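Scroll down for the structure; my scribbles are underneath it.
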Amino acid sequence: MNPTQKSTIVLLSLIMVISIILAGCSGNNDGSGNATGSQSPASSATAANTGTGEAPKEGYDDVLDIDWYVNLSWWKYPGDYGKDKFSQYIRDRFGLNINFITPAGDGSDQMSAMIATGEIPDLVTVESWLDYKTKLAKGGYLVSINELIEKYVPDFKPYEDIFNWYKESDGKTYALPNYAYSSFALKPGEQLEPNSAFTLRKDIYEQLGRPDISTADKFLDVLERVKNEVKTYDGKPLIPLQLYEFTANGNNSANWLNEYFAVPYENNDGKLINRTYDPKYWEVIKFLNEAYRRGLVSKDNFTDKRDQIVEKIASGRVFASLTAPQDFADPMRTLYTADNNAQYESFALRNYEGEDPVLTDIRGFGWLVSMVGKDSKAHERIAKLLAFLNSKEGQHMVHFGWENETYTYNADGTIQWTQQYQDALAKGDGSEKKWGMGFNLLMDWYSVKDLFPLPEKPVDIYLAEKNMKKSLVQYSYDTSAAGGKPNPDHPNRDRMLETGNRLSLFWGKELPRIIMAESEEKARAVYEDTLAKMDEMGRAELDEYNNELFQGAKEALNIERSWPLFRK
């Protein structure tokens with residue numbers, strides 16, 4: 001039990017007395033913490049100024065019902081709301097009872113209705129890359145986080161780079177993200193793991209004598225040996241190289257090959273480069289085309305969906321792949337369970353010249369962002385809740401629960417799950433929901449990622465992301481500026497988004513044709529013809545627009561250069 005909980009329990013018996021005293025002292029009657037219009041419960045700061053010598057009061061004498069809209073149809077609160085320990089804690093400490101609302105579909109209708117009518121729930125959570133946050137802010141429907149901090153939680157200090165990233169044109173920030181990584185939080189010299197990884201079957205690789213795979217041509221030769229010498233696994237033909245599924249917009253594996261082949265995205269003048277047009281990108285195309293022509297990439301790969309790729313990995317048929325391996329942990333576990341020797345390991349593929357890869361690390365500015373409705377009657381309480389959820393105490397609670405109940409600390413500072421919690425998980429009937437752990441709408445993964453217990457089971461040790469990608473971390477860098485900082489106020493934004501979508505769909509249609517060309521010469525011809533047609537579709541103007549966003553991103557991050565090789 002943490003100190004805050006202890007003090008809360010001790011003060012419960014004094015609530016009536018303190019509330020009477022504080023009612024006469026509180027000057028806060030703006031209605032922001034009270035839906036009924038009666039006297040607002042005093043904040044801790046007010047309690048501290050009463051001169052009574054009493055400890056500051058935490059909690060409220062009443063409970064307000066608020067709505068929290070989450071723009072994901074599949075999202076569910078992880079516990080048993082209203083009955084579990086986490087939701088009871090939120091009710092008791094912050095005086096809030098939250099009604100979570102999710103859409104039936106993709107949420108576009110609900111969000112459009114909010115923007116059109118101005119009827120905004122108390123809290124709104126949307127995907128960080130969507131425009132809704134800006135439209136709601138510009139419509140005057142949100143209260144800024146700056147204002148909430150200044151009025152109610154002055155000690156809450158979000159990371160400056162993350163906070164500035166979400167700053168709107170009025171200079172204020174209206175959204176707080178989850179799963180964001182701040183450069184201020186990283187340890188000196190620390191490098192985060194990349195999102196992608198080239199992986200291969202360790203047992204088959206050892207069967208071949210662990211030959212040199214450091215460059216693209218050498219790797220292709222090893223894939224050829226897998227095809228011609230090893231041939232099968234468990235009676236089924238091996239797939240030398242598996243790529244992600246092809247979509248209407250292209251292929252993630254082809255995108256990530258840019259990084260492994262060290263294709264730059266910034267030139268010597270600090271301007272954004274369209275990698276698809278860079279001369280070095282031809283090596284990416286050449287590699288994929290040669291792999292296909294040599295029978296190292298299956299024709300099925302061009303029509304496979306995620307389920308088919310999962311099945312092929314689980315069956316052990318895939319020798320090597322370029323994916324986000326964390327997305328395929330379950331089929332890898334299935335394969336390991338059937339054959340303990342069938343394990344994948346990562347490796348750093350290099351281009352034909354042998355240059356080190358330049359990989360994008362997992363740093364980002366958030367998956368979801370949460371905003372506060374301007375007309376909410378619970379601003380004070382919501383501000384304190386958001387500050388709590390972003391604090392060390394709050395992060396420990398949503399990830400680990402309660403000390404000595406769901407976890408204890410090891411000597412090295414990591415946590416150890418209690419037997420009580422492990423037993424609840426082992427039941428498989430949702431018993432662990434009584435704690436309500438796992439609330440992720442304001443999760444800060446970086447702050448706790450190193451505190452989880454070290455895996456003990458061999459399969460968990462093998463699949464741990466930090467182990468799977470350990471060999472790649474030295475090539476992993478923060479390249480977040482490359483994606484640009486969105487600028488909803490740009491006069492050409494809508495037109496450029498439309499142009500970008502048309503170009504992306506065109507590229508997605510042409511990419512399989514290029515890869516499946518019957519010769520390198522034919523692949524080059526189709527590739528160059530595709531680039532020429534993209535020029536006619538407005539590629540140059542889009543590049544200029546994206547460069548503006550890129551420069552804005554560098555400014556927001558306070559960096560002059562983004563390409564890692566310029567920053568060494």
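No experiment lies behind these values; they were computed from the predicted model shown.
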By side-chain contact (heavy atoms from CB on, under 4.5 Å), Ser196 pairs with (sequence neighbours left out) Trp256, Glu259, Tyr260, Leu322

Looking only at side-chain N and O atoms, does Thr406 offer a donor or acceptor that is under 3.5 Å from a partner on Trp417? no

Begin with the C-alpha distance, continue with both residues' side-chain angles, and end with the deciding distance and a verdict on side chain to side chain contact (heavy atoms under 4.5 Å, CB included) for Glu193 and Leu359. CA-CA 9 Å; Glu193 64 267 21; Leu359 309 181; over 6 Å; no

With rounding to the nearest 0.5 angstrom, report the CG to CE distance, Leu176 to Met371. 10.0 Å

Assign the ring pair Tyr407 / His396 to parallel, tilted or perpendicular, where the plane angle (0 to 90°) is split at 30° and 60°. tilted

Find the distance between OG1 (Thr173) and NZ (Lys133) and round it off to the nearest 0.5 Å. 11.5 Å

Carefully, step by step, assess Phe452 and Trp445 under the rule ring-ring contact (aromatic ring centres under 6.0 Å, His included). CA-CA 11 Å; Phe452 282 88; Trp445 172 248; 5.4 Å; yes

So Glu245 and Lys305, salt bridge (Lys or Arg N to Asp or Glu O under 4.0 Å) or not? Walk me through it. CA-CA 6 Å; Glu245 69 243 56; Lys305 300 303 180 187; over 6 Å; no

Gln422 vs Gln416 side-chain heavy atoms within contact, under 4.5 Å: yes

Would you say the side-chain atoms of Thr117 pair up with the backbone N or O of Ala113, donor to acceptor, closer than 3.5 Å? yes

Given the rule in the salt bridge (Lys or Arg N to Asp or Glu O under 4.0 Å) test, do Glu405 and Lys85 qualify, once you have shown the distances and angles that lead to the verdict? CA-CA 11 Å; Glu405 187 173 341; Lys85 194 163 184 174; 2.5 Å; yes

Is any side-chain heavy atom of Tyr179 closer than 4.5 Å to one of Tyr446? no

Test side chain to side chain contact (heavy atoms under 4.5 Å, CB included) on Ile98 and Ser87; report intermediate values, then the result. CA-CA 8 Å; Ile98 304 172; Ser87 59; over 6 Å; no

For Asp122, check side-chain contact (heavy atoms from CB on, under 4.5 Å) against everything at least two apart and list the hits. Ile66, Asp67, Ser376, Ile382

Give the ring-plane orientation class for Tyr421 versus Trp435, where under 30° counts as parallel, over 60° as perpendicular and anything between as tilted. perpendicular

Please find the pair of heavy atoms, one from Thr414 and one from Asp450, that lie closest to each other, and give the distance. CG2-O, 3.6 Å

Any chance the side chains of Asp543 and Tyr545 put a donor and an acceptor closer than 3.5 Å? no

Return yes if some donor-acceptor pair links the side-chain N/O of Asn390 with the main-chain N/O of Leu386 below 3.5 Å, else return no. yes

Would you say Ser112 and Asp109 make side-chain contact, with heavy atoms under 4.5 Å? no

How many angstroms lie between CG in Asn249 and CG in Asn501, if you round to the nearest 0.5 Å? 7.0 Å

Can you name the ring pair (Phe, Tyr, Trp, His ring centres under 6.0 Å) partners of Phe94, sequence neighbours left out? Phe388

Tyr81: which residues meet the ring pair (Phe, Tyr, Trp, His ring centres under 6.0 Å) condition with it, sequence neighbours left out? Tyr77, Phe100

Return all side-chain donor-acceptor pairs below 3.5 angstrom for residues 481-491, not counting sequence neighbours, or 'none' if the list is empty.
unit_1	atom_1	unit_2	atom_2	d
Lys485	NZ	Trp165	O	3.0
Asn487	OD1	Asp489	N	3.2
Asp489	OD1	Lys138	NZ	2.4
Asp489	OD2	Ser169	OG	2.8
His490	ND1	Asn492	N	3.0
His490	NE2	Glu548	OE1	3.0

From CG (Asn546) to CZ (Arg539), nearest 0.5 Å: 11.0 Å

Hey, does the side chain of Glu266 reach the backbone of Ser562 with a donor-acceptor pair shorter than 3.5 angstrom? yes

Salt bridge (charged side-chain N to carboxylate O under 4.0 Å, His left out): pairs with one or both residues in residues 158-181, sequence neighbours excluded: Asp161-Arg363

Roughly how far, to the nearest 0.5 Å, is CG of Leu441 from OG1 of Thr125? 5.0 Å

Short side-chain to backbone donor-acceptor contact, Glu190 and Lys187, under 3.5 Å: yes

Going by the rule side-chain contact (heavy atoms from CB on, under 4.5 Å), which residues pair with Val398 if we only count those two or more places apart in sequence or in a different chain? Phe86, Leu389, Gln395, Phe439, Met443

State, with a plain yes or no, whether a side-chain heavy atom of Tyr141 is found less than 4.5 Å away from one of Met114. no

For side chain to side chain contact (heavy atoms under 4.5 Å, CB included), just list the numbers for Tyr181 and Leu192, CA-CA rounded to whole Å, side-chain angles, deciding distance to a tenth of an Å, and then say yes or no. CA-CA 10 Å; Tyr181 290 78; Leu192 300 172; 3.7 Å; yes

Between Asn440 and Trp367, what is the shortest heavy-atom contact and its length? ND2-CZ3, 3.8 Å

So, Asp92 and Gln88: side-chain donor and acceptor under 3.5 Å apart, yes or no? no

Please round to the nearest 0.5 Å and tell me the distance separating atom OG of Ser391 and atom NZ of Lys157. 14.5 Å

With sequence neighbours excluded, residues passing salt bridge (charged side-chain N to carboxylate O under 4.0 Å, His left out) with Lys469: Glu465

List in chain and number order the residues that pass ring pair (Phe, Tyr, Trp, His ring centres under 6.0 Å) with Phe328, two or more places apart in sequence or in another chain; answer none if no residue qualifies. Tyr244

What do the steps show when you test Asp444 against Lys449 for salt bridge (Lys or Arg N to Asp or Glu O under 4.0 Å), and what is the final call? CA-CA 9 Å; Asp444 175 12; Lys449 70 183 182 69; over 6 Å; no

For the residue pair Gly538 and Thr499, what are the closest heavy atoms and their distance? O-CG2, 4.0 Å

Which residues satisfy the ring pair (Phe, Tyr, Trp, His ring centres under 6.0 Å) test with Tyr265, sequence neighbours excluded? Trp563

In chain order, what residues pass the side-chain hydrogen bond (donor to acceptor under 3.5 Å, both in side chains) check against Thr418, with sequence neighbours excluded? none

Write down the atom of Ala175, the atom of Tyr166, and the distance for their closest heavy-atom approach. O-CB, 4.2 Å

Verdict with reasoning, Lys384 to Tyr60, per side chain to side chain contact (heavy atoms under 4.5 Å, CB included): CA-CA 12 Å; Lys384 291 180 177 179; Tyr60 291 83; 3.4 Å; yes

For the residue pair Ser128 and Val369, what are the closest heavy atoms and their distance? CB-CG1, 3.9 Å

Pairing residues for Leu148 by the side-chain contact (heavy atoms from CB on, under 4.5 Å) criterion, not counting sequence neighbours: Val143, Ile145, Tyr152, Val372, His379, Ala383

